[in-house]
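A short worksheet on the structure shown next.
Just the heavy atoms: all of them, side chains too, but no hydrogens, waters or symmetry mates, feed the values below.
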Amino acid sequence: MSGGERPELGQVPETALWTLWHRALEARRPDTVLHDPKAVELVDRIDYPFAERFGTSGTQAQLQALRVACFDREVADFLAREPRGTVVCLGEGLETQYWRVDNGRAQWLTVDLPESVALRERLLPPGPRQRYLAADATALGWVDEVDKSRGVFVTAAGLLMYIQPTQVRALIAGCAECFPGGSLVLDAVPRWFGRLTRTGKLRTHGYQVPPMPWAMDAGERAKLRTASPAVVDVRDVRPVGGRALVGALLPLALAVPPLAARLPSVTVLDFAEQPMRS
């Protein structure tokens with residue numbers, strides 16, 4: 001604990017510190033799979049017992065970084081197609097993706113709970129092309145704040161598992177119907193993992209993982225299309241470029257359907273080019 005900022009966050013917003021810590025752990029390695037100096041800087045500035053609370057697992061850190069890199073690749077691909085488009089980051093917490101993949105021209109909108117936005121504003125003040133909006137992402141009022149003129153890409157990293165299944169469907173439908181031609185990238189924990197969190201059986205070091213009401217086995221991702229007729233494609237995004245045993249074993253695990261279906265997943269939903277009429 002070397003920094004001066006002492007965050008006091010609720011159980012779910014606190015997960016932003018968990019993800020930040022693991023990104024920074026991985027980024028400190030000379031052979032890192034995720035170059036993220038901003039995460040390292042933040043950890044050094046925050047007065048929080050990261051190691052005591054979350055542990056120091058190099059494997060966990062690498063897996064987290066590989067998941068994050070899946071989101072980075074999709075955002076970078078969008079910015080290559082729509083250099084002046086808008087990236088909307090739902091439940092962003094202390095994510096530092098802007099500093100990893102920004103192209104110098106895009107607009108970025110963060111939508112998060114008030115306590116999370118307040119902390120982000122103190123630690124990561126927004127630049128000229130960044131806006132932070134304190135709002136409930138599931139309420140969908142934020143969609144009116146988005147510039148739709150040059151393409152929209154929505155990210156929901158580490159968010160949907162903490163909301164109710166009906167809210168997940170409504171959020172997907174709302175994005176699909178409000179952002180024609182846009183996309184949403186999301187991640188999901190498998191059902192067995194979600195059950196463990198809801199029964200309080202996932203605890204590491206001094207940290208109790210919050211309950212996760214929504215979970216989805218990777219083999220079920222096609223069902224996400226049923227959220228709205230405006231969801232026209234569902235794509236799997238797989239991690240690449242792991243190191244050592246993770247790099248050797250993860251591709252093998254993803255190649256075995258019964259096992260792959262029970263691993264955490266990252267999915268992109270593409271939306272219809274034209275507004276859907278009810």
Would you please name every residue forming a salt bridge (charged side-chain N to carboxylate O under 4.0 Å, His left out) with [X], sequence neighbours left out?
X	answer
Arg203	none
Arg53	Glu14
Arg191	Glu220
Arg238	Asp236

Residues that Thr15 engages under side-chain hydrogen bond (donor to acceptor under 3.5 Å, both in side chains), provided they are two or more places apart: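 Not a single residue meets the side-chain hydrogen bond (donor to acceptor under 3.5 Å, both in side chains) criterion with Thr15.
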
Mind checking side-chain hydrogen bond (donor to acceptor under 3.5 Å, both in side chains) for Thr199 and listing every partner two or more places apart, or none if nothing turns up?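 Once residues adjacent in sequence are excluded, Thr199 has no partner under the side-chain hydrogen bond (donor to acceptor under 3.5 Å, both in side chains) criterion.
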
Considering only Ile, Leu, Val, Met, Phe, Trp and Tyr, and joining two whenever side-chain heavy atoms are under 4.5 Å apart, list the other residues clustered with Val256.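 Cluster partners of Val256: Leu259.
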
So which pairs with a foot in residues 104-136 pass ring-ring contact (aromatic ring centres under 6.0 Å, His included), sequence neighbours left out?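 Output for this query lists Tyr98-Trp108.
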
For Phe153, which residues count as a ring-ring contact (aromatic ring centres under 6.0 Å, His included) partner, sequence neighbours excluded?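 Only Phe78 meet the ring-ring contact (aromatic ring centres under 6.0 Å, His included) criterion with Phe153.
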
Where at least one partner belongs to residues 250-265, residue pairs that pass side chain to side chain donor-acceptor pair (under 3.5 Å), sequence neighbours excluded: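 Not a single pair qualifies under side chain to side chain donor-acceptor pair (under 3.5 Å).
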
Which pairs count as side chain to side chain donor-acceptor pair (under 3.5 Å) when at least one residue sits in residues 155-172, sequence neighbours excluded?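 Side chain to side chain donor-acceptor pair (under 3.5 Å) check on residues 155-172 returns Arg169-Thr226.
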
Distance-only check: which donor-acceptor pairs under 3.5 Å involve side-chain atoms of residues 24-32, not counting sequence neighbours?
unit_1 : atom_1 : unit_2 : atom_2 : d
Glu26  : OE1    : Arg243 : NH2    : 3.1
Glu26  : OE2    : Thr32  : OG1    : 3.4
Glu26  : OE2    : Val33  : N      : 2.9
Glu26  : OE2    : Arg243 : NH1    : 2.7
Arg28  : NH2    : Asp44  : OD1    : 2.9
Arg29  : NE     : Asp31  : OD1    : 2.9
Arg29  : NH2    : Asp31  : OD1    : 3.2
Arg29  : NH2    : Asp31  : OD2    : 3.1
Thr32  : OG1    : Glu26  : O      : 2.9
Thr32  : OG1    : Leu34  : N      : 3.0
Thr32  : OG1    : Leu34  : O      : 3.0

Are Arg23 and Glu95 ion-paired here, with the side-chain N under 4.0 Å from a carboxylate O?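 Yes, charged N to carboxylate O under 4.0 Å.
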
